[in-house]
Amino acid sequence: MSEEKSLNFLEEIVEEDIEAGKYKSIMTRFPPEPNGYLHIGHAKSICLNFGLANKYGGKTNLRFDDTNPVTEDTEYVDSIKADVKWLGFDWEHELYASDYFDKLYEYAINLIKKGLAYVDDSSSEEIAMQKGTPTEAGKENKYRNRSTDENLKLFEEMRDGKYQDGEKVLRAKIDMASPNMHMRDPILYRIKHAHHHRTGDKWVIYPMYDFAHGQSDSIEHITHSICTLEFVPHRQLYDWLIEKLDIFPSKQYEFARLNMTYTVMSKRKLLQLVNEGYVSGWDDPRMPTLSAYRRRGYTPDSIREFCERIGVQKRENLIDVGLLEYCVREHLNKIALRRMVVMDPVKLIITNYPSGKTEELPSENNPEDETAGSRMLPFSAELWIEREDFMEVPAKKWFRLAPGSMVRLKNAYIIKCTEFKKDSAGNIAEIHCEYIPESKSGADTSGINVKGTIHWVSADHALKAEIRLYDRLFKVENPASEEGDFKDYVNADSLHIIKEAIIEPSLISAKAGDKFQFIRKGYFCLDTDSTEDKLVFNRTVTLKDTWAKESKK
RNA sequence: UGGCCUAUAGUAUAAUGGUAGUACGACAGAUUUUGGUUCUGUUUGUCGAGGUUCGAAUCCUCGUAGGCCAACCA
């Protein structure tokens, strides 16, 4: 048997906790804020949370961290649910931090009664000023010592809408001199006269993240609350609140978020790309969102495999986007049906093949999967082939078509180039060949060995489709770390549209989302923009192209 | 100039005081009716200086480098 796979640091923590008898079973949660679409970075978190629970016989809740009504929306709730499902995970309960607003209000009262929270009338500027700096202690203000009764009354009035936005806040009373800025009397509740996507106009005060997240974890008896590194300094406050409130002791653990080359990974930045028209929407196939990957033809399996391979640790990382591409190729290679498509066509005429004759040639759908079966491909004397498969003056190690050279037409015959014609502009207009009748695929008695095999589509039977080729959205490896605005590094050539590619006839029956390998070209999937009379294919990812590398030498 | 987190091939990630391994990449070759896939081989690493120890990537000390923290965002 193979060796046991080593545990990541989160699995180690869970195993230790279970062995120590700390918990009977574990509970995790995935806690998105519904203010944007999920991206590949969230996939890492989803796989971690659901994966951990799965592995150790626990459950995972989907909980929306909806404590800021001005940025949140049900559109995002719906997309997030769809994306988590698509990735292949089932949550135990669908929950919302807003489900707990009443409970949270009680918790706040509890703290006030214990003398651990107070209402502050300072403006946000004053509060920032009094907070000090990382190297300078903050100052306590006069509101800090209000009586419990006064705090209770004021907080109630806040809830009842007696004050305007920003007039008052509720703060924890901890330590204005703490070296941890988050312990310098953090704000617990603020006033927002805003309509909430779920609670409507019931509330005008809303809890801050720090007074909602840990409490929600605790209410749900989350045993292991996993979040990203930037929340490390919040942990002290997370623990403080749980201790003072004397509620279920959820524990927070932090991991390093995913960063990937040639992409940005913040909802704020992605929103800018959408709003400022750099892309067509959250699901533009160039975006790193899950909805975009889905539309582009990525499979959930490949994304889960990617998350598995990148591992998890506490150090900052920048993952090569090539690894994601490797994962999707690996999966698509196994499942994608092979089809022949010519993107930049040039006419090829087989001079010794009877004009008007058509043959049906059997072609396997996927050499990696016998059960995928085969289809019949029409063949005739006039074909379309790829312009780049012919070279008037062949390069070194070139084994495609050139004057006098032989290649095999995939699933058909070996041909020999006898002549070519150019148009007035000097472009190759037509290539003439002779075919070897005995070289038919599957019944080759010619004894001829050729090095090159090229794809083709019979001209009489050809159909047309639009093909969208995508390149990376950014020109630099790490746009977020470059000088100036990240949008200055957007790749202007990230989308190339081929209006009329030549496709083999069987593709007419493709359904949106269907995945194909266009032989020698890459993996493609039928886009949702397709209509009855117009097929649109997205290139998911190219094939590995060692010739491209070789020819650059 | 406070506090916290982190440091292993190009990129990630193992080794839990006892032979520094794996994947992706790169390079070379074999196979191939996709210059795809598959297979084989090669390449490159413990941030630095001290210390503890028979033995240190691992423990300790001091540096160095990077990241995070001063939103009524999450």
Next on the checklist: At 4.0 Å (heavy atoms only), tell me whether N35(A) reaches a base, stays on the sugar-phosphate, or touches nothing.
Outcome noted: nothing
Checklist entry - Is there a side-chain polar atom (N or O) of K131(A) under 4.0 Å from OP1 or OP2 of rC69(B)? => result no
Next on the checklist: Need one value for E368(A): base, sugar-phosphate or nothing, where a base atom within 4.0 Å counts as base even if backbone is also close, heavy atoms only.
Outcome noted: base
Checklist entry - Does K168(A) count as lying over the ring of Y163(A), i.e. NZ or CZ under 6.0 Å from the six-ring centre, within 45 degrees of the axis? => result yes
Checklist entry - What nucleic acid atoms does Y326(A) come within less than 4.0 Å of, heavy atoms only: base, sugar-phosphate, or nothing? => result sugar-phosphate
Next on the checklist: Just checking Y96(A) against F64(A), ring centres under 6.0 Å apart?
Outcome noted: yes
Next on the checklist: What's R338(A) touching, base or sugar-phosphate or nothing? Going by heavy atoms closer than 4.0 Å.
Outcome noted: base
Next on the checklist: Once you apply a heavy-atom cut-off of 4.0 Å, does G322(A) come out as touching a base, just sugar-phosphate, or nothing?
Outcome noted: nothing
Next on the checklist: So N317(A), base contact, sugar-phosphate only, or nothing? Heavy-atom distance under 4.0 Å.
Outcome noted: sugar-phosphate
Next on the checklist: Could you tell me how far apart H182(A) (NE2) and rC72(B) (P) are, to the nearest whole angstrom?
Outcome noted: 11 Å
Quick one: side chains of residues 311-326 of chain A, donor-acceptor pairs under 3.5 Å with protein atoms, not counting sequence neighbours, listed by atom name and distance.
from    : atom 1 : to      : atom 2 : distance (Å)
N317(A) : ND2    : R257(A) : O      : 3.4
N317(A) : ND2    : R315(A) : O      : 3.4
D320(A) : OD1    : G322(A) : N      : 2.8

Next on the checklist: Quick check: any donor-acceptor pair below 3.5 Å linking the side-chain of R400(A) to the base of rG35(B)?
Outcome noted: yes
Next on the checklist: Using ring centroids (six-membered ring only for Trp), state whether Y435(A) and Y413(A) fall under 6.0 Å.
Outcome noted: yes
Checklist entry - On a plain distance test, is the side chain of Q517(A) in donor-acceptor contact with the base of rU34(B) below 3.5 Å? => result yes
Next on the checklist: Categorize E550(A) for me: base, sugar-phosphate, or nothing, with a 4.0 angstrom heavy-atom threshold over every strand shown.
Outcome noted: nothing
Next on the checklist: Under 4.0 Å, counting only non-hydrogen atoms across every strand here, what does K192(A) touch: a base, just sugar-phosphate, or nothing?
Outcome noted: sugar-phosphate
Next on the checklist: Using a heavy-atom cut-off of 4.0 Å across all strands, would you classify T261(A) as base, sugar-phosphate, or nothing?
Outcome noted: nothing
Checklist entry - Is R315(A) near enough to rA12(B) that one of its side-chain N or O atoms lies under 4.0 angstrom from OP1 or OP2? => result no
Checklist entry - Reckon L229(A) touches a base, only the sugar-phosphate, or nothing at all at heavy-atom distances under 4.0 Å? => result nothing
